Protein chains: 2
Amino acid sequence: MSAFTSKDVARVAGVSQSTVSYVMSGKRPISASTRDRVLAAIEKLTYEPNAGARALAGRRTRVVGLVVPFGDDADPVGLLPFIETIASSARAHDYEVLLVTNDEGSAGLRRLAGRSLCDAIVMMDIKVHDERVPVAASLRVPVVLVGIPEDPRGLSCVDLDFAAAARMAVDELADTGHDELVVVGYPPPVIERRVNYAERFLHAARARAGARGLPVLVLQPQDGRRSAAAAMAEKILAHGGSGRVGVVVPFTTILRPLLHALGARGVVLGRDLSLIGLSTDAEAEDAEPPFTNISLEPRDVSRRAMASLFALLDPEPGVARPGTDLVLPRLTRRGTVRTTSTRNR
Amino acid sequence: MSAFTSKDVARVAGVSQSTVSYVMSGKRPISASTRDRVLAAIEKLTYEPNAGARALAGRRTRVVGLVVPFGDDADPVGLLPFIETIASSARAHDYEVLLVTNDEGSAGLRRLAGRSLCDAIVMMDIKVHDERVPVAASLRVPVVLVGIPEDPRGLSCVDLDFAAAARMAVDELADTGHDELVVVGYPPPVIERRVNYAERFLHAARARAGARGLPVLVLQPQDGRRSAAAAMAEKILAHGGSGRVGVVVPFTTILRPLLHALGARGVVLGRDLSLIGLSTDAEAEDAEPPFTNISLEPRDVSRRAMASLFALLDPEPGVARPGTDLVLPRLTRRGTVRTTSTRNR
DNA sequence: TTGAAAGCGATACCAA
DNA sequence: TTGGTATCGCTTTCAA
């Protein structure tokens with residue numbers, strides 16, 4: 001394949017190397033005729049600029065670094081839509097995406113910035129106290145967090161509004177006449193790692209339930225597997241004798257096995273028990289039965305993260321300042337919440 | 001953060017810039033004392049070499065390009081283990097991973113190579129006739145295919161041996177006394193795109209079934225959703241009156257809904273009907289019920305792909321030549337195949 | 001509107 | 001065992 005340089009293009013087009021550069025960047029007015037000659041030469045030679053040389057001379061790589069939670073026991077499902085959306089958004093701005101895995105910790109961040117491998121970084125799976133956040137804040141490149149640490153150190157954060165999600169779930173159940181709440185929370189490793197959204201969800205759920213005068217029982221599954229789901233189902237049923245119970249499930253991976261475990265015990269959701277899950281819409285639709293859900297909106301979150309990243313990369317005067325951007329979740333009713341005659345929304 | 005260069009390191013260590021370079025690369029013997037001084041200076045300045053400059057001068061980027069099937073309707077589940085394994089394998093060799101999505105087609109490949117963004121490429125989701133393969137073969141950088149096109153053009157290919165998987169499934173069912181086979185195949189888009197593994201699996205299944213004297217019915221689900229699964233369940237049951245039927249399901253995403261649909265119709269797998277799925281072990285274990293599966297081995301496949309990639313990157317004399325590397329699948333029995341008294345393996 | 005030339009920060013050759 | 005320096009391919013002043 002070609003190994004032509006901008007010098008070759010210049011020669012073919014009969015112009016100087018700098019003119020070739022300016023034609024490509026548009027940073028200088030060029031007469032129509034020379035531009036055409038240059039473009040023709042580029043076409044003819046199938047010239048592609050050398051990324052390394054460009055990065056060296058121009059001090060920008062046109063690469064965004066993406067730190068993803070691999071290897072961790074973080075919810076692996078639902079990661080793809082994030083990566084996918086970030087990748088396509090990057091491409092739409094003519095940026096490449098460099099993948100770094102979480103298990104490298106802050107070393108990955110230092111490498112990314114120190115070696116000038118990228119112009120900006122998106123970091124996912126933020127913990128409440130995250131050792132990487134202060135490091136990220138000290139880098140020469142802007143960093144956008146998908147998730148909210150306790151102290152963002154002035155970094156931009158984007159995430160679903162998990163507190164609002166919790167309030168939506170509690171309100172929906174309170175409004176439909178339920179008088180008791182069970183939250184099937186997060187497994188021990190998630191809690192121990194102090195994943196930020198888990199805490200935000202649980203705190204807000206407790207607070208709202210208190211405000212609405214509903215007692216809450218928070219259960220903790222061991223993990224997202226069948227046995228854990230079966231145990232949860234038993235606890236819910238043992239607990240739920242007294243009244244009209246609404247179950248809230250923010251931990252995505254336990255949803256399917258839990259639905260199965262409840263079904264196997266003869267429970268009909270929407271009749272014997274109400275359930276709201278926090279999940280993508282696709283998962284809620286395809287589950288058996290389809291359940292009322294509050295959407296995680298991974299695509300929206302990713303898009304907004306990339307938007308603030310690009311805002312940081314070329315700071316439009318008077319516009320973006322870093323801050324926290326919370327995406328509002330959306331509740332979709334699919335019949336797993338029993339409604340009374342008093343309310344019918 | 002630091003923005004030190006190797007020149008700074010040289011100054012602090014009291015040596016020349018080239019000595020710093022040689023200390024880092026080890027391409028030249030260095031006296032212990034100077035090496036120590038240089039390393040101390042590097043440490044002190046937290047020096048990191050500029051990737052662009054390195055790529056430019058050294059003509060190698062230490063980046064591998066990874067082309068993943070986003071946006072396509074290719075099975076999104078099971079993609080993560082591939083990416084994850086490739087990423088960690090790359091890191092183990094001190095390479096970065098640049099993500100390119102499939103929907104860019106061969107343009108992405110040309111960019112990767114043309115701009116010298118990477119030293120080698122891993123490409124997934126190969127079709128039988130894949131327009132990208134001839135392009136890949138014409139690049140200046142080595143390309144490893146995860147999947148097998150009809151004409152690999154001399155490129156290295158690594159994949160699960162889907163033909164062997166099909167034969168294993170057929171043999172297992174034949175050996176256990178089944179006298180009829182139903183294959184719940186791939187949905188129309190997969191067939192139309194001529195995804196290579198789908199064809200390999202179906203051809204081999206038909207051939208082996210013929211050799212074993214078993215009639216085969218190949219069904220085609222519309223997609224991987226509940227309604228499609230329900231339709232499949234009906235067809236299987238309508239068909240299966242006459243004898244002992246064994247069902248083979250190579251399309252991963254339909255497995256869960258199909259299991260549910262069968263269960264809802266009162267079918268007990270391993271008693272009324274036998275089923276073997278092609279899926280990761282995790283999925284087979286966690287399903288309801290857990291099913292006998294043939295593993296997709298994404299981690300093995302990825303590891304071997306990276307192994308041949310690194311073999312291409314520094315060609316050990318007398319070792320690697322490009323070729324096709326098929327990973328043997330593994331069958332794990334989980335009780336969804338009914339066994340006769342005549343065989344008990 | 002265009003060109004010449006000085007870097008950008010490494011690598012690796014040629015000498016010593 | 002080490003240092004000087006040309007070079008990689010592009011961007012961006014500075015001059016014209």
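Residue numbering restarts at 1 for every chain, and letters A, B, ... go by the order of the sequence lines. Computed from a prediction, not measured in an experiment: that's the story for all the values here.
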Check for a donor-acceptor pair, side chain of A:S25 on one end and backbone N or O of A:S21 on the other, with a separation under 3.5 Å.
-> yes
When rounded to whole Å, the CZ to C1' distance for the pair A:R11 and C:dT2 reads 19 Å
Give, for atom CG of A:D314 and atom CG of A:D119, the distance between the pair rounded to the nearest 0.5 Å.
-> 10.5 Å
Answer yes or no: side-chain N or O of B:Q17 and base N or O of C:dA10 forming a donor-acceptor pair under 3.5 Å.
-> yes
Note, A:R60 side chain near A:Y95 side chain (heavy atom, < 4.5 Å) = yes
A:V100 and A:V68: side chain to side chain contact (heavy atoms under 4.5 Å, CB included), yes or no, with the steps?
-> CA-CA 6 Å; A:V100 174; A:V68 291; over 6 Å; no
Look at A:S6 and D:dC10 and indicate whether a side-chain polar atom (N or O) is within less than 4.0 Å of OP1 or OP2.
-> yes
Report which part of the nucleic acid B:S116 touches: base, sugar-phosphate, or nothing (heavy-atom distance under 4.0 Å, all strands).
-> nothing
Nucleotide C:dG9, atom P - distance to CG of B:L45 in whole Å = 14 Å
Between P of C:dA6 and CZ of A:R59, the distance in whole Å | 17 Å
Among residues 20-28 of chain B, which contact DNA chain D at a heavy-atom distance under 4.0 Å?
-> B:R28
side-chain N/O B:R54 vs C:dG9 OP1/OP2, d < 4.0 Å = no
Once you round it to whole Å, what is the distance between P of C:dG3 and NZ of A:K7?
-> 15 Å
B:S18 side-chain N/O to C:dT11 phosphate OP1/OP2 under 4.0 Å = no
When rounded to whole Å, the OH to C1' distance for the pair B:Y47 and C:dG9 reads 7 Å
Whole-Å gap separating C1' (C:dA10) and CZ (B:R60) = 13 Å
Considering only heavy side-chain atoms of A:I30, the closest of C:dT2, D:dT1, D:dC10 is C:dT2
Can B:R91 and A:D103 be counted as an ion pair, charged N to O under 4.0 angstrom?
-> no
Taking atom P of D:dG3 as reference, at what distance in whole Å does atom CZ of B:R37 sit?
-> 8 Å
Gap between atoms CG and C1', on B:N50 and D:dC8 respectively (whole Å) = 13 Å
Listed partners of A:T5 passing side-chain contact (heavy atoms from CB on, under 4.5 Å), at least two apart | A:K7, A:D8
A:S16 vs A:L56, nearer the 5' end of DNA chain C by closest nucleotide | A:S16
Side chains of B:S31 and B:T34: is there a donor and an acceptor less than 3.5 Å apart?
-> yes
Could you tell me whether the side chain of A:T19 has a donor or acceptor atom within less than 3.5 Å of a complementary atom in the base of C:dG3?
-> no
